[in-house]
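These notes concern the structure reproduced below.
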2 protein chains.
Amino acid sequence: MATLSDVAKKAVVSKMTVSRVINHPEQVSDELRKLVYNAMKELKYVPNYAARALVQNRTQVVKLLILEEMDTTEPYYMNLLAGIAIELDQHHYSLQLVTRNSHTIGKCDGVIVTGMRREDFAHIIAQLDQPVVLFGQNEQGYDYIDVDNRKGMQMATEHVLSLGCKHILFYGIDINEPFMASRLEGFKRSMEHVHLKPQICLMKNSSHVAQFEAEKILRSTERRTVFVCASDRLGIGVVRAAQCLGLNVPGDVAVTGFDGVFLDRISHPQLTTIRQPIVEMGKALVSLLLEKINQNGKKVGHRIFEPELIVRGSTIQSVQTLPKESKLLGMN
Amino acid sequence: MATLSDVAKKAVVSKMTVSRVINHPEQVSDELRKLVYNAMKELKYVPNYAARALVQNRTQVVKLLILEEMDTTEPYYMNLLAGIAIELDQHHYSLQLVTRNSHTIGKCDGVIVTGMRREDFAHIIAQLDQPVVLFGQNEQGYDYIDVDNRKGMQMATEHVLSLGCKHILFYGIDINEPFMASRLEGFKRSMEHVHLKPQICLMKNSSHVAQFEAEKILRSTERRTVFVCASDRLGIGVVRAAQCLGLNVPGDVAVTGFDGVFLDRISHPQLTTIRQPIVEMGKALVSLLLEKINQNGKKVGHRIFEPELIVRGSTIQSVQTLPKESKLLGMN
DNA sequence: TAATCAATTGTTACCGATAACAGAATAGTA
DNA sequence: TACTATTCTGTTATCGGTAACAATTGATTA
């Protein structure tokens, strides 16, 4: 309710001084600054974002440009969305979801892009004239947020190696994108480190395909087999394959996934997986973008998140399998 | 880029006339109205929402007050969130997620409430001084959006009856809330209609609990048993119970769920379920709230959505079980 | 015919903030 | 001492809209 003018009156200074205390505090003397701070506190001053947006020619809108088909039921995206929404809200920005077709509609202060493929850089991303931050590493020099995919996959591989497994297969996704290359590289490094030959199989990211592929393999071998998968979706398919053939998980077949967003806990037994802190990454996307907006689009670099190994029943028998409920954090 | 003044100049009228054409077109003569429309089209005029918010003393913020623990991995909520976000965006509103603890922080133009329990009405909802719309039917006279729970459960029950099943159990959630009462009533009605005695079991909404309960039942009977469940989560547990006991689904045991948001498709075989159009309901919540805001909080009533029966492998053998990908709609 | 009225359009002030400029006070320098 | 810099604070104009009021016009009525 209280405005700049109210605060100014209370502190017996001009509006401009109050505005300076907020935006350029170093330009105001200690004495007045304290007076103003006290007045703001007493009046519970909250700035009017519409007024600020108006005078600064801002829209207070950030677009989330989703370049791949997004299934609303895909928990991965929904978590990202939650993180972005929470953080944007803190700064009184609103979120506009746009796609390949709709992304030119309406004005905004900045854009977050996700699901981009190689060919999108020239056609779409380079054409944007607002500050941009990408979700996912890229070789084109754009600022981005990502998880350390290579490290994550090394953690998974080293985990199964530490269990004494020898017959290890990598199930990856057959697309030529950096995230997949990093995961594959992580697997290869860890295998080469112990002088094992990496065996790799790439396929569509579908539990059904993974199930089909895994059944073929499992029918033709007697040995204990480990599947290191590049997604939880593939992991779930492998678990089903084992169960259909009457094999024990994790006794006869061990499986690891990647992502750690919902799917891992749906599987029975639950999947050992590499968790990405998606909600946090969503928030970081916003922080990075807002920083960039405030610096007129200057380069702000990137931020890589640490993945986390979560060990569950698909690799170790005794592990507790009741889901640890993870609540929506950072909402107050 | 073009402003009201630009349009006014082009049409050779005053700013006020342009503003009227937008907000009160009936007050402007046909002739000028056409002139203004043309000018707007030529200049591709888009109103500045910050300026409007400023002069109308609006925040352009809507709060989503979530009164139950919300797991970010819960697809149900995420879909609701997506629907709300998409629709709010269309009207240049921003979304603020708040909880029991944080809901008083910051101003807003209206509130959407979800996950409320009986005791919340007096303590929290009645205290809000902005327009409010609830997600879920209620007996306190608040405007709301919901799905027809009774009808949905009747559809599920009649489906299994039509398959010739006789031994039918209802697995519900043990909370005393209207949505649960409606689902239970739907089951009872359909059973009484064919003169079968309804058998009801209430429990925590957990797949593990459902699995445990169902195993007990299944061990003690030889007959083909049908479980009509009040949630997909319970349904998944029942399917697992059957599989653990080596029983065939849907041959020995048939199962139906409720919600139709992701979980139904994760199960193997996939669950026959009652789909709620969650994304659409999220959009409707926003439409209803904005209508209410524009009418100074006047009562706007409620809207009930039709549920949809989706038949899958958990009740019928031959049904195709590959997931039909449902894309995020309304993003054109 | 003059007064009244309704319909339409324009003028002015203001919403709450900030940038640009102007002015005052203090410090430093010739 | 007088003059220039520097630091700090205030004044004015403005962002893009809308409400309230004023003005103009032609029609209606006493």
Value in whole Å for how far the [atom2] atom of [N] lies from [atom1] of [X]:
X       : N      : atom1 : atom2 : answer
A:Glu31 : C:dT26 : CD    : P     : 12 Å
A:Tyr49 : C:dC15 : OH    : C1'   : 18 Å
B:Glu26 : C:dA6  : CD    : P     : 17 Å
A:Leu4  : D:dT14 : CG    : P     : 20 Å
B:Asp30 : C:dT9  : CG    : C1'   : 15 Å
B:Arg33 : C:dT8  : CZ    : P     : 9 Å
B:Arg58 : C:dC15 : CZ    : C1'   : 14 Å
A:Gln27 : D:dC8  : CD    : C1'   : 9 Å

Phosphate-side-chain proximity, [X] and [N], N/O vs OP1/OP2 below 4.0 Å:
X       : N      : answer
B:Arg20 : D:dT18 : no
B:Ser19 : D:dG17 : no
A:Ser14 : D:dG10 : yes
B:Ser29 : C:dT9  : yes
A:Arg52 : C:dG16 : no
A:His24 : C:dA19 : yes

Could you check which of [options] has an atom nearest any side-chain atom of [X]?
X       : options                : answer
A:Ala51 : D:dA19, C:dA17, D:dG17 : C:dA17
A:Met16 : D:dG10, D:dT18, D:dG17 : D:dG10
A:Leu54 : D:dC15, C:dT9, C:dC21  : D:dC15
B:Leu32 : C:dA17, D:dG16, C:dT9  : C:dT9
B:Thr17 : D:dG10, C:dG16, C:dT9  : C:dT9
A:Val13 : C:dT11, C:dA17, D:dG10 : D:dG10
A:Gln56 : C:dA19, D:dG10, C:dG16 : C:dA19

For the pair A:His92 and A:Tyr49, name the ring-plane relationship: parallel under 30°, tilted 30 to 60°, perpendicular over 60°. parallel
Salt-bridged, B:Lys299 to B:Asp143, with N to O below 4.0 Å? yes
Salt bridge flag under 4.0 Å for residues B:Asp30 and B:Arg33: yes
So, under a plain 3.5 Å distance rule, would you say the side chain of B:Lys15 forms a donor-acceptor pair with the base of D:dG16? no
Verify the distance criterion only: is there a donor paired with an acceptor across the side chains of A:Gln60 and A:Ser94 at less than 3.5 Å? no
Between B:Tyr77 and B:Thr114, do the side chains contain an N or O donor and an N or O acceptor separated by less than 3.5 Å? yes
May I ask you to say what [X] touches in the nucleic acid, namely base, sugar-phosphate or nothing, with a heavy-atom cut-off under 4.0 Å?
X       : result
A:Asn57 : nothing
B:Tyr45 : sugar-phosphate
B:Asn23 : sugar-phosphate

Does atom CD of A:Gln127 have more than 12 heavy-atom neighbours, drawn from other residues, nucleotides or ligands, at distances under 6.0 Å? yes
